[in-house]
Number of protein chains: 2
Amino acid sequence: MPDGVEKKPSRIQQRNRRRILDAALDVFSKHGYRGATLDQIAEAAGLSKPNILYYFDGKEEIHLTLLNQLMETWLDPLVTLDPKGDPLEEILGYVQRKLDMARDLPRESRLFAGEILQGAPRMAPHLVADLQPLFDEKCSVIKAWMDQGALAAVDPRHLIFSIWATTQHYADFDAQVRVLLRDDPQGHESAGQYLRTMFTRLLTP
Amino acid sequence: MPDGVEKKPSRIQQRNRRRILDAALDVFSKHGYRGATLDQIAEAAGLSKPNILYYFDGKEEIHLTLLNQLMETWLDPLVTLDPKGDPLEEILGYVQRKLDMARDLPRESRLFAGEILQGAPRMAPHLVADLQPLFDEKCSVIKAWMDQGALAAVDPRHLIFSIWATTQHYADFDAQVRVLLRDDPQGHESAGQYLRTMFTRLLTP
DNA sequence: GGCAATTTTTACCATTTGGTAAAGACACGA
DNA sequence: TCGTGTCTTTACCAAATGGTAAAAATTGCC
């Protein structure tokens, strides 16, 4: 067998690794890295603690695996931003995709937020290697749209920040939003409408 | 001596309690509640661990004291929003004050963010008792401005959320912002300019 | 200076937590 | 069905951590 090629994992391996990662996402996103314990993860996964350590080398490796998997999902909506599409529609579509992610993947959003909040100790390399180039590229795309007059001119970097901030806010600050909206079931739709209005008024030339 | 009236703390008490709270703010905002240890706080404060427990009943009480103190500071910029002032100027002033706070009090911002991110386990009562009434009141003020045509109509609740999200983002996601702006020393000013433009275009009738 | 009250240190303790060793149970191809 | 490799459990351990008791030092008031 060639070097570096691992034999494919058994069905049990796949199932249990998936279980563990799902349980860990739950626990890490709720309590943060330090706040999460292997016992909690084990219980949530329905496995014993030593059994978990049979599948992963340790707590840190589980966390790191989650972060690595997350990066791809996280960047995807921005990757999709199409330089050849209609500028305003592209931006609004991006906002919508991010908002949908905040609703559908709140655990992932909070895992990410917690990591950045603490200074990105485990993710800094990813930010530089993956996020930064993509960010720069899409800033250029937006800049070009503005230069050709298809969008009103603003700083593209801060535009992207404001899209991230406003959409992720609904996942990351959910506890606060719930209190203030009194669990309004229309919350998500009204947020979508507001953000569409906001970025339309900002960017319409 | 009347009941419930504690004698005023000595100078040593004042100084050491202040030291401890400052150190704790540092540590809690960096590592979160569970991630912070009394030993770290003690070292940062220049006191021994048992000495710290002479001034506070325990880790939780320190954290709670910080949160209580923070609430006032945190709400202040919104309290200042004046129903009798010029609507657009009032909103822009509020944005500016929040952005200044993100720059000047990043530890406080991250302490708050961490607490909310984990579901506000220790702060939920404060949110309901202090934040909610203020939020509702100021939403009404903004709504009135919009009804009288002084501001373009949008959902006041989401407007406030977007102000919080965009301004606090610069403190809470500082690690990410730094990477992407490559430590641009003009970062804060350009953020201020961007946000002023954004909310002006959104709200100008 | 003397003395009570306050403050600080020393020496601990119990629990929690990430992790390990090794024996036992189980799956599966020959 | 037998045996080998995969998976799981039991029984631990060392370090970290929140917290305590009590002696020692210090402060401030007469």
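Numbers restart at 1 for each chain; the letters A, B, ... are given by sequence-line order, proteins then strands.
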Inset, instruction - Go through C/dT10, D/dG19, D/dT10 for me and flag the one nearest to the B/Leu53 side chain. - result: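 Minimum distance to the B/Leu53 side chain belongs to D/dG19.
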Legend entry - Closest to side chain of B/Lys49, choosing from C/dG18, D/dG19, D/dT10: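 Of C/dG18, D/dG19, D/dT10, D/dG19 is nearest to the side chain of B/Lys49.
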In whole angstroms, how far is the [atom2] atom of [N] from the [atom1] atom of [X]?
{"X": "A/Asp57", "N": "C/dG19", "atom1": "CG", "atom2": "P", "value": "9 Å"}
{"X": "B/Lys59", "N": "C/dT16", "atom1": "NZ", "atom2": "C1'", "value": "12 Å"}
{"X": "B/Ile20", "N": "C/dT7", "atom1": "CD1", "atom2": "P", "value": "11 Å"}
{"X": "A/Tyr54", "N": "C/dG24", "atom1": "OH", "atom2": "P", "value": "18 Å"}
{"X": "A/Arg17", "N": "D/dC7", "atom1": "CZ", "atom2": "P", "value": "11 Å"}
{"X": "A/Ile52", "N": "C/dT17", "atom1": "CD1", "atom2": "P", "value": "14 Å"}
{"X": "B/Glu60", "N": "D/dG19", "atom1": "CD", "atom2": "C1'", "value": "14 Å"}
{"X": "B/Gln14", "N": "C/dT6", "atom1": "CD", "atom2": "C1'", "value": "15 Å"}

Legend entry - B/Tyr170/A/His158 aromatic ring centres below 6.0 Å: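 Between B/Tyr170 and A/His158, the centre distance is under 6.0 Å.
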Inset, instruction - Examine B/His63 together with B/Phe28 and report whether their ring centres are nearer than 6.0 Å. - result: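 Under 6.0 Å, so yes.
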Inset, instruction - Examine distances only and state if a side-chain atom of B/Glu115 and a backbone atom of B/Met123 form a donor-acceptor pair shorter than 3.5 Å. - result: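 Present.
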Looking only at side-chain N and O atoms, does [X] come under 4.0 Å of OP1 or OP2 in [N]?
{"X": "B/Asn51", "N": "C/dT7", "answer": "no"}
{"X": "B/Gln13", "N": "C/dT7", "answer": "yes"}
{"X": "B/Ser48", "N": "C/dT8", "answer": "no"}
{"X": "A/Asn16", "N": "D/dT6", "answer": "no"}

Inset, instruction - State, with a plain yes or no, whether a side-chain heavy atom of B/His126 is found less than 4.5 Å away from one of B/Trp74. - result: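 No - every pair of side-chain heavy atoms lies 4.5 Å or more apart.
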Inset, instruction - Please work out if A/Tyr55 contacts a base, only the sugar-phosphate, or nothing of the nucleic acid, heavy-atom cut-off 4.0 Å. - result: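 Here A/Tyr55 touches the backbone only, sparing every base.
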Legend entry - Qualifying residue for side-chain contact (heavy atoms from CB on, under 4.5 Å) with A/Val141, from A/Pro87, A/Pro83, A/Pro156: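 It is A/Pro83, the one option of A/Pro87, A/Pro83, A/Pro156 that forms the side-chain contact (heavy atoms from CB on, under 4.5 Å) with A/Val141.
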Inset, instruction - Assign the ring pair B/Trp164 / B/Phe161 to parallel, tilted or perpendicular, where the plane angle (0 to 90°) is split at 30° and 60°. - result: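 Ring orientation of B/Trp164 relative to B/Phe161: tilted.
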Inset, instruction - Search all heavy atoms of B/Ile160 against all heavy atoms of B/Cys139 and return the closest pair with its distance. - result: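 In terms of heavy atoms, the two residues are closest at CD1-SG, 4.0 Å.
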Inset, instruction - Output the residues of residues 25-47 of chain A in contact with DNA chain D, where contact means a heavy atom of the residue under 4.0 Å from an atom of the strand; sort by number or write none. - result: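 The stretch gives A/Arg34 as the residues lying under 4.0 Å from the strand, ordered by number.
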